[in-house]
Amino acid sequence: VDVVSDFLNSKEITSYIVEIGGEVYAKGKKPDGSNWTIGIEKPIENQTSVNPAKAIAKLENLAIATSGNYRRFFIENGIRYGHHIDPKTGYPTKNNLLSASIFAKECISSDANATGVLVLGLEKAKVFLQAHPELQAYLIYSDDKGNYQVYETPGLKSIITETEE
């Protein structure tokens, strides 16, 4: 995404959106003057199609990438295994964080940090994000009753709009 964006910038294109594999960078505004918008999916276990949106993000000169454990997983002997590996244990992560959307100035930072934050889990992710104010995050997690909850960093208040449940 960043390479394509750099190319467009080199051609002096001032307004565009680039999406490759779910990673997105938007520069400027749409031709009608409004912000580019993208949806952040509800983390419903679904390996075959797109989920409904949990939130809508307005992007302008901003990248977003989302990592989640609801799309790529397998079940063996009744146990669900996600595709994110905890480097400390060598096993798939086990925490209540379902989806991590990270906003940054470059997509490579969004993508790498979304995966890292998802592996950290909610509490460690909050500590990490406080130490990295250059990143903004929209985290969807499951509470003790299995309900969706959201943690978002303060810089997202003007960017994120929750969809109706």
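A quick note: this is a predicted structure, and the numbers were derived from the prediction, not measured.
More than 12 heavy atoms of other shown residues, nucleotides or ligands fall within 6.0 angstrom of atom CD1 in Ile17. Enclosure of atom CG in Asp144 is not indicated, since only 12 or fewer non-hydrogen atoms of other residues, nucleotides or ligands lie within 6.0 angstrom. Heavy-atom contacts from other residues, nucleotides or ligands closer than 6.0 Å to NZ of Lys30 number more than 12.
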Checklist entry - What do the steps show when you test Leu97 against Leu120 for side chain to side chain contact (heavy atoms under 4.5 Å, CB included), and what is the final call? => result CA-CA 9 Å; Leu97 193 51; Leu120 284 173; over 6 Å; no
Checklist entry - Does the side chain to side chain contact (heavy atoms under 4.5 Å, CB included) test come out yes or no for Leu122 and Lys126, once each step is laid out? => result CA-CA 6 Å; Leu122 182 62; Lys126 288 179 182 179; 3.9 Å; yes
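Under the 4.5 Å side-chain heavy-atom criterion for Ile, Leu, Val, Met, Phe, Trp and Tyr, Tyr25 and Ile108 are members of distinct hydrophobic clusters. Hydrophobic cluster membership differs between Leu59 and Val18, with clusters built from Ile, Leu, Val, Met, Phe, Trp and Tyr side chains linked at under 4.5 angstrom. Note on Leu156 and Trp36: same hydrophobic cluster, where clusters join Ile, Leu, Val, Met, Phe, Trp and Tyr whose side-chain heavy atoms are under 4.5 Å apart, directly or indirectly.
The heavy-atom pair separating Leu129 from Tyr151 by the smallest distance is CD1-CE2, 4.3 Å. Across Ser110 and Ala63, no two heavy atoms sit closer than the pair OG-O, 3.4 Å. Phe128 and Asn113 get closest at one heavy-atom pair: CZ-OD1, 3.3 Å. Heavy atoms only, all atoms of each residue included: Lys27 and Thr14 are closest at CG-O, 3.7 Å. The two residues Val1 and Val24 have their closest heavy-atom pair at CG1-C, 4.2 Å. Nearest heavy atom pair, residue Ser101 against residue Thr66, reads OG-OG1, 2.6 Å.
Judged by distance alone, with hydrogens and angles left aside, the side-chain atoms of Asn96 form no donor-acceptor pair with the main-chain N or O of Tyr141 at under 3.5 Å. At distances below 3.5 Å, at least one donor-acceptor pair connects side-chain atoms of Gln136 with backbone N or O atoms of Gly155.
Taking CD1 of Ile38 as the reference point, atom CD1 of Ile56 lies at 8.0 Å (rounded to 0.5 Å). For the atom pair CD1 (Ile160) and NZ (Lys58), the distance works out to 9.5 Å, reported to the nearest 0.5 Å. Rounding to the nearest 0.5 Å gives a distance of 4.0 Å between OH of Tyr16 and OG of Ser5. Interatomic distance, Lys105 NZ to Leu135 CG, rounded to the nearest 0.5 Å: 11.5 Å. Separating the CD1 atom in Ile159 from the CD atom in Glu60 is a distance of 10.0 Å, to the nearest 0.5 Å. Atom-to-atom distance recorded for Thr153:OG1 and His132:NE2 is 13.0 Å, nearest 0.5 angstrom.
Ile64 places a side-chain heavy atom less than 4.5 Å from the side chain of Ile40.
In this structure, Glu162 pairs ionically with Lys54, as a charged nitrogen and a carboxylate oxygen lie closer than 4.0 Å.
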